[in-house]
Amino acid sequence: MTTVIRSEFDEGIALTGHPEEPGRYQAELGAGWQIGGGINGGLLLAVAGHALSLEHDEHPDPVSISGYYLSAATPGPATVRTEVLRTGRGLSTGTASLSQDGVERLRVVASHGDLAAVEGEVRTTAVPPQLPPPDQCIGVEHAPPQLIEQAALLERFDLRLDPATVGWALGQPSGNGRIQGWFRLRDGRQPDPLLLLLVADALPPVTFDLGLPGWAPTVELTVHLRAKPAPGWLRVTHATRNLAGGYFEEDAEVWDEAGRLVAQSRQLARVPRSA
């Protein structure tokens with residue numbers, strides 16, 4: 001007899017429907033997904049994306065999803081309310097609002113489709129990041145203790161960072177504004193479109209590589225999903241080209257084991273206050 005162990009990620013985005021209010025769901029945000037003083041923005045986006053997936057029977061996968069972070073979410077109960085704006089042949093579009101105790105934490109607009117139905121020709125000039133093999137990269141176990149103390153979610157990850165982009169951990173940031181590495185969940189759960197929403201916000205802020213320590217609160221995060229990921233490791237790269245006026249952009253690409261670009265994202269975040 002095989003014992004099935006449910007992933008911590010599946011528990012983290014689990015939803016219970018409301019018996020009398022269609023489109024309303026209850027979630028429980030776990031303390032294990034904290035970073036700094038709040039719940040990780042990628043996990044929150046995955047919760048909202050999951051709720052909208054349940055509203056679109058024929059369109060289960062987020063294709064484009066944008067979230068605006070209105071206040072910091074904390075561990076505990078949360079309510080997600082959805083509204084379907086349009087149901088089309090290939091895409092359905094809706095909104096979701098995640099709140100706690102009547103305070104809105106996140107507002108989302110998303111278009112969902114069926115990524116399995118759109119496999120086909122790919123024309124791209126994008127190339128995956130060149131990384132050393134995972135066993136030659138720097139694992140979470142080598143992270144500074146103060147980083148782990150502020151980022152409980154890192155204990156959920158098997159994250160291996162490219163040694164060329166972790167000089168900041170030794171007090172020697174490169175100044176290039178780039179962090180990249182290999183990602184998978186520690187409990188062995190394989191990647192899917194909802195997990196990609198978390199992965200897009202999973203690496204340490206690129207401001208670390210600019211010599212600006214501290215956590216960078218997300219203002220807005222948009223993720224475009226291009227394909228269902230193959231099982232195995234994901235290659236993730238985060239980079240910024242511009243920091244101005246107290247804000248910076250962070251662009252991410254996620255590549256799967258088959259060498260396909262499966263997700264792209266951009267977020268606007270505040271420069272760490274400690275800077």
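Keep in mind that what you see is a predicted model, and the values were worked out from it rather than measured. Keep in mind that the numbers below use all heavy atoms, side chains included, and drop hydrogens, waters and symmetry copies.
- A perpendicular orientation is assigned to the rings of Trp168 and Phe208, their planes being inclined by more than 60° (bins at 30° and 60°).
- Using a cutoff of 4.0 Å between basic side-chain nitrogens and carboxylate oxygens, Asp158 and Arg186 are not scored as salt-bridged.
- The aromatic rings of Trp182 and Trp233 sit perpendicular to each other, their planes meeting at more than 60°, with 30° as the lower class boundary.
- Note that CZ of Arg160 is 11.5 Å distant from CD of Gln136, once rounded to the nearest 0.5 Å.
- For the pair Pro75 and Ala31, the tightest heavy-atom approach, listed with the atom from each and the gap, is CG-CA, 3.8 Å.
- Side-chain contact between Phe248 and Leu212: absent, with no pair of heavy atoms (C-beta onward) separated by less than 4.5 Å.
- Residues Leu153 and Leu161 share a single hydrophobic cluster, defined by chaining ILVMFWY side chains whose heavy atoms lie under 4.5 Å apart.
- In this structure, Ala46 and Leu197 approach most closely via the heavy-atom pair CA-CD1, 3.9 Å.
- In summary, of the residues considered (Glu58, His59, His112, Glu55), a side-chain hydrogen bond (donor to acceptor under 3.5 Å, both in side chains) with Ser92 occurs for His59 alone.
- Residues Pro191 and Arg184 are not in side-chain contact: their nearest non-hydrogen atoms beyond the backbone lie 4.5 Å or more apart.
- Side chain of Arg156 to main chain of Gly32: a donor-acceptor pair is present (N/O by atom type, distance under 3.5 Å, no hydrogens or angles).
- Side chain of Asn40 to main chain of Leu43: a donor-acceptor pair is present (N/O by atom type, distance under 3.5 Å, no hydrogens or angles).
- Of the possible polar contacts, one joining the His238 side chain to the Ala200 backbone as a donor-acceptor pair under 3.5 Å is found.
- Closest approach of Val206 and Ala239 over heavy atoms only: CG1-N, 3.7 Å.
- A heavy-atom distance below 4.5 Å is not found between the side chains of Leu29 and Thr74.
- Residues Ile39 and Tyr68 fall into different hydrophobic clusters, defined by Ile, Leu, Val, Met, Phe, Trp and Tyr side chains chained together at heavy-atom separations under 4.5 Å.
- Atom CZ of Arg226 has 12 or fewer neighbouring heavy atoms from other residues, nucleotides or ligands inside a 6.0 Å radius.
- The backbone N or O of Gly42 lies less than 3.5 Å from a partner atom in the side chain of Asp201, making a donor-acceptor pair.
- Contact between Trp33 and Gly12 at its shortest, heavy atoms only, is NE1-CA, 4.0 Å.
- Residues Tyr69 and Pro217 have side chains not in contact (no heavy-atom distance under 4.5 Å, counting atoms from C-beta outward).
- Rounded to the nearest 0.5 angstrom, Ser64 OG and Leu225 CG are separated by 8.5 Å.
- Residues Thr222 and Glu220 have side chains that bring a donor and an acceptor to within less than 3.5 angstrom of each other.
- Looking only at distances, a side-chain donor or acceptor of Asp61 sits under 3.5 Å from a matching main-chain atom of Leu115.
- Between Leu70 and Arg105, every side-chain heavy-atom pair lies at or beyond the 4.5 Å cut-off.
- Looking only at atom types and distance, the side chain of Thr237 has a donor-acceptor partner in the side chain of Arg178 under 3.5 Å away.
- Inter-residue side-chain proximity for Val254 and Val223 is flagged as unmet; no heavy-atom pair is nearer than 4.5 Å.
- At distances below 3.5 Å, not a single donor-acceptor pair connects side-chain atoms of His18 with backbone N or O atoms of Arg24.
- Side-chain contact check for Pro205 versus Pro272: every heavy-atom pair is 4.5 Å or farther apart.
- Side-chain atoms of Gln100 and Thr79 include no donor-acceptor pair closer than 3.5 Å.
- Expressed to the nearest 0.5 Å, how far CZ of Phe9 lies from CG of Leu194 amounts to 5.5 Å.
- The backbone N or O of Pro77 sits nowhere less than 3.5 Å from a side-chain atom of Gln26 that would complete a donor-acceptor pair.
- For the residue pair Ser97 / Glu104, a side-chain donor-acceptor distance below 3.5 Å is found, with atom types taken as modelled.
- With hydrogens and angles disregarded, no donor-acceptor distance shorter than 3.5 Å links the side chain of Arg241 to the backbone of Gly177.
- Tyr247 contributes atom OH, which lies 14.0 Å from atom CG of Asn242 (distance to the nearest 0.5 angstrom).
- Closest of all the heavy-atom pairs between Leu261 and Ala126 is CD2-CB, 4.2 Å.
- Counting non-hydrogen atoms of neighbouring residues, nucleotides and ligands closer than 6.0 angstrom, the CG atom of Asp135 exceeds 12 such neighbours.
- Side-chain atoms of Thr93 do not come within 3.5 Å of backbone N or O of Ser111 as any donor-acceptor pair.
- In this structure a side-chain-to-backbone donor-acceptor pair under 3.5 Å is missing from Asp209 to Ile179.
- The distance from the OG1 atom of Thr82 to the CG atom of Leu98 is 12.0 Å, given to the nearest 0.5 Å.
- The shortest distance between side-chain heavy atoms of Asn176 and Thr165 does not fall below 4.5 Å.
- With salt bridges taken as basic N to acidic carboxylate O contacts below 4.0 Å, one links Arg81 and Glu21.
- In terms of heavy atoms, Val262 sits closest to Pro229 at CG1-CA, 4.0 Å.
- The CZ atom of Arg266 lies 10.5 Å from the NE2 atom of His224; values are rounded to the nearest 0.5 Å.
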